[in-house]
Number of protein chains: 2
Amino acid sequence: MATTGTDPARMREMNQLTIVWALRGNPPSTVTELAGRTGLSRPAVDVLVQQLVAEGWAEVEEPGASSTVGRPARRYRFRAGAGHVLGIDVGVHKILVMLSDLEGNLVQSLRRPADPEAGPDDRLATVDRCVDEVLREAGMTAADIWAVTVGVTGPVDASGRTSLFTPLPGWNAVDPVAHLTERFGCPVQVENDCKLAAVAERWKGVAQDADDIVYVLAGIRTGAGLIIDGTLRRGHGGAAGEIGALKAVRWLDAPGHLAGCPGVPSTAAQGEAAAWVFRAAREGDRAARTAVRRYARDLAVGVAALTLTLDPQVVVYGGGFSRSADVVLPMLRQELTKHCLRLPELRASTLGDESVALGALRLALDEIDDRLLGGRLAAPAAPRV
Amino acid sequence: MATTGTDPARMREMNQLTIVWALRGNPPSTVTELAGRTGLSRPAVDVLVQQLVAEGWAEVEEPGASSTVGRPARRYRFRAGAGHVLGIDVGVHKILVMLSDLEGNLVQSLRRPADPEAGPDDRLATVDRCVDEVLREAGMTAADIWAVTVGVTGPVDASGRTSLFTPLPGWNAVDPVAHLTERFGCPVQVENDCKLAAVAERWKGVAQDADDIVYVLAGIRTGAGLIIDGTLRRGHGGAAGEIGALKAVRWLDAPGHLAGCPGVPSTAAQGEAAAWVFRAAREGDRAARTAVRRYARDLAVGVAALTLTLDPQVVVYGGGFSRSADVVLPMLRQELTKHCLRLPELRASTLGDESVALGALRLALDEIDDRLLGGRLAAPAAPRV
DNA sequence: CGGAGTTAGTAAACTGCCTAGCATTATCCA
DNA sequence: TGGATAATGCTAGGCAGTTTACTAACTCCG
C-alpha cells in the first residue's frame, strides 16, 4: 500500500472534491443539504462552496419563491457547462459523435453514414467533418473540449491502435490518438466498441445496479466487454473479452445460421436477413426458429466461457440483434443452462446503437475525474496532455 | 463516488495508518526514514510513532553501536507479534495449517495426511486437532488469533459453503465458517483453493510483479484462480474461474491422457502415474511425449478461454504437475499460440503444495488490514465478528 | 400588521494537525 | 579535547474544521 501522508492542504482539496461530487448529479443544493450529504459542518461547506463559486466550478442560484417556512436558502449548482467532452463511435457503417457537458448531459449529437469500404484516411476525415459540425452547431471550438474518447471495433492497445486486427479497412495503419491530440490538445483515448457499450449499460442502461457485467455485442459481428467490480477491464494488452477468437467458440460463424436460413429473401443484405429471420421466428416459422436456435447455441458457448470465467451478476445482450431479444434470449437462456454452473441474469440492452458513443462519453468524463483527483483542483480549464 | 468529508481527526488516523504501513515489511526504521517514506514531516512522524508505541502497535529499538557519525537514531519496528493469523488448507489428501504473525512471517506449521474418503465431520475434527497442535506448539490460544482463512476445493459462495459441488466427500453439508467462528470469534473466511494459490503466487511466488494473473492449478484436478488489477476476483457468486465446467473445455478428461499412457506401471496410483509419464517424457519416451502433448492440448483450450477473456500479463502453472513444468510448459505454450491473440507469459509455480495455505494466510492478513482501514486504529486486539 | 417560529448565513473561539526553525544531545574523528 | 555530523526535542506559527452563538430573512397566524 503506497499511501502517502496527508496534510491540511490535501485535506482541503479532498473536501473540495467531496463537495464537487455532492453537487454534481444532484439538483441545486443548499449548504445544509450539502453538509448532510458530505458529513462536513455547515460553516466548512459554506467556505468550500464559496471558493468553488469563485473558481468557476459552481454557481449560485439566488433564493426565489420559497415554499416552506424560514429564510429561503441560496442554492448552489455544479457548473456542468464549464467544460465539455466528446464521445465518438467510429463504426463500419456510421459515425456517431456526441457532445456532453461535465454532468454527461447531451448537448449535441450527429450521426453520419460511412462507406464500409472507406479507407482509414477517408474515415478519419469524415470523423473530422462530423466533429467540426457538432462543435459549430454547439457554438464551440476545440479549446472547449476537455476530453475525447473514440470507440472502434477490434482490440485496442494502450496506445490506442488496433494492432492485432480490426474490421475497419486499413485502420490499423492510422494513429487516431495522435491525430485527435494534435487537434484538441486534451486527453484523447481510443477504446474498443464492445467495452464502451458495456460502460454505457452500467451508466445509463440496463445494468446500472450491477458491478460485475458481461456485455455481449450481438450483430453481424459478435464481441464482448467486461466490467468487473464496477470497472471496465481492458486486460494487460487491451484484448480482454476477445473470447470469439477461440475456435471452439463459434462466434464468427454464428450469424451465418441466420443468413443461411431457408426462406430468406435473396435480395436481403446481411443485416436485413437477420432481421427477417428474427421476425419470422417470432411469428412461429419453423425454419427460422431452427436457425435462431442454432445461432443461440453457438452464441451460448462463448457466453458460457465468459460467464464461467467471471461469474458475473448480469449478462447484457446488446448490439444490432438486441432488438430481437424477445426471440433470442429465451433460447440463449436455455442453452446457457446446459453449460453454466450458476446462470447470471440475462438482460436485453435498451440503448440501441448509441451505446458505444454513450460509453465513450462516460470514459471521457472519467478521464476528467481522474485528473481532478490527482492534480489540485484549480480553476476549470481543459486538461492538456 | 461516495467520498465523505475529512476532518483533522480522520486525517490523523490516516497518517497513523500510513506510518503502520511504512513500518511493516521494512527493517526497523528511524523517524527520519519514515518521514521520507511517508512524505510527512519529522515532528509529525515522531508524535505518531510514539503514540503507536504507546498503543502497542510498534516497539522501540534503543540505539546500539552506530556505524556512522552523529547521534545514533532510535529505530522503530512494527510489532508483528501483536497478533497472529491462521491459514488452513483442507485438501482431499492432507490438512496443512500455517500460523503467521501480522507481517506474514511463518511462526508454526503442521501437515497431516487426511483420509480421502473421510466424511465432513471427521475432516473437520482433523482440522480442529491440527489447529490445536499448532496453537499449543506456538504457545498460544484461540484468543491470540485475529483472523482465519480456510481453503477448500470447489467453488465457495459468500457464506463460505461449497453449495455447487466439491470433491471433499459430504463437505457441502457442513458450515466451516460457523464452526470456526464459534471457536475463534474472529473473522473467518473460506475460499476456493485455486483462488488462494493465485493469491500466494502474487504474494510470495512467481507473479509478484504482475497485476493481472491467471493461475492454473494442474494436477489430478484442474482449476483456476484469477487476479485482476491486483485483486482476487471471486465473481458474483464465488464461481469465477470455473471454466473447467464447460464441456468444450476438456479439463475433466485431460489428466486421463496421462493415466492412460501405454507403459505406465499398472501398480501406480493416479498421481504416481502422471509423475511416471512426465519423467518418461522428459527422457524422450515417444508414447509419454504423446500423452503429455494430448494433455497439454486439452489443458490449453481452457487456458486459452481464460486468457482470451482476461488478457492477463502472466499465466502461472501450479499444482501437483508444476514440478514437471519443464516438460509441459513448452507444449502448452505451443498449443496456446494456436488459440490466443496475444500470448501471456507462462511461468511455473515454485511454491509447491504450500501455495493454498500461504494464500490463506495472505487473505487473513488482508482481512485485518481492511478492518484497520475501516475502523479507528485502537490498541492491538483481535477483531471480533 | 406585528410577533412567534423556523431556517439560512456569519463571526468568533477552540481544538487539532502539520511545518519551520532552532536548541540540544550523542557519537565519531582528528 | 574540540569540532563536525546527525539525530532528537521543543516552540512558535499557520491552516482547516468544529462548535457555539448571534444575526438576517422569511412564513404563519393571531
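Bear in mind that the values here come from a model prediction, so they are computed numbers and not experimental data. We name chains A, B, ... by the order of the sequence lines, and we start the count at 1 in each one. Values reported hereafter were calculated over all heavy atoms of this structure, with side chains retained and with hydrogens, waters and symmetry mates removed.
- Applying the salt bridge (charged side-chain N to carboxylate O under 4.0 Å, His left out) criterion to Glu191(B), with sequence neighbours excluded, gives Arg234(B).
- Look at Asn15(A) and you won't find any side-chain N or O under 4.0 angstrom from OP1 or OP2 of dA16(D).
- Looking at heavy atoms from C-beta onward, Cys186(B) lies in side-chain contact with Val148(B) at the 4.5 angstrom threshold.
- The shortest distance between side-chain heavy atoms of Lys195(B) and Ile227(B) does not fall below 4.5 Å.
- Under the 4.0 Å criterion applied to side-chain N and carboxylate O atoms, Asp211(B) and Arg202(B) are assigned as salt-bridge partners.
- At whole-Å resolution of the value, CE in Met11(A) and P in dG16(C) are 13 Å apart.
- Separating the CZ atom of Arg10(B) from the P atom of dC18(C) is a distance of 13 Å, rounded to the nearest angstrom.
- One atom, CG of Leu34(A), and another, C1' of dG9(C), lie 14 Å apart when rounded to the nearest Å.
- Taking the six-membered ring where the residue is Trp, Phe78(A) and Trp57(A) present parallel rings, their angle staying beneath 30° rather than reaching 60°.
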Is there any protein nitrogen or oxygen under 3.5 Å from a nitrogen or oxygen in nucleotides 8-15 of chain D, and what are the pairs?
unit_1	atom_1	unit_2	atom_2	d
dG9(D)	OP1	Arg74(B)	NH2	2.6
dG9(D)	OP2	Arg74(B)	NH2	3.4
dG9(D)	O6	Arg42(B)	NH2	3.4

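- Atoms CD (Glu13(B)) and C1' (dG16(C)) sit 13 Å apart, rounded to a whole Å.
- Looking at Arg24(A) and Asp369(A), a side-chain N of the basic residue comes within less than 4.0 Å of a carboxylate O on the acidic one, giving a salt bridge.
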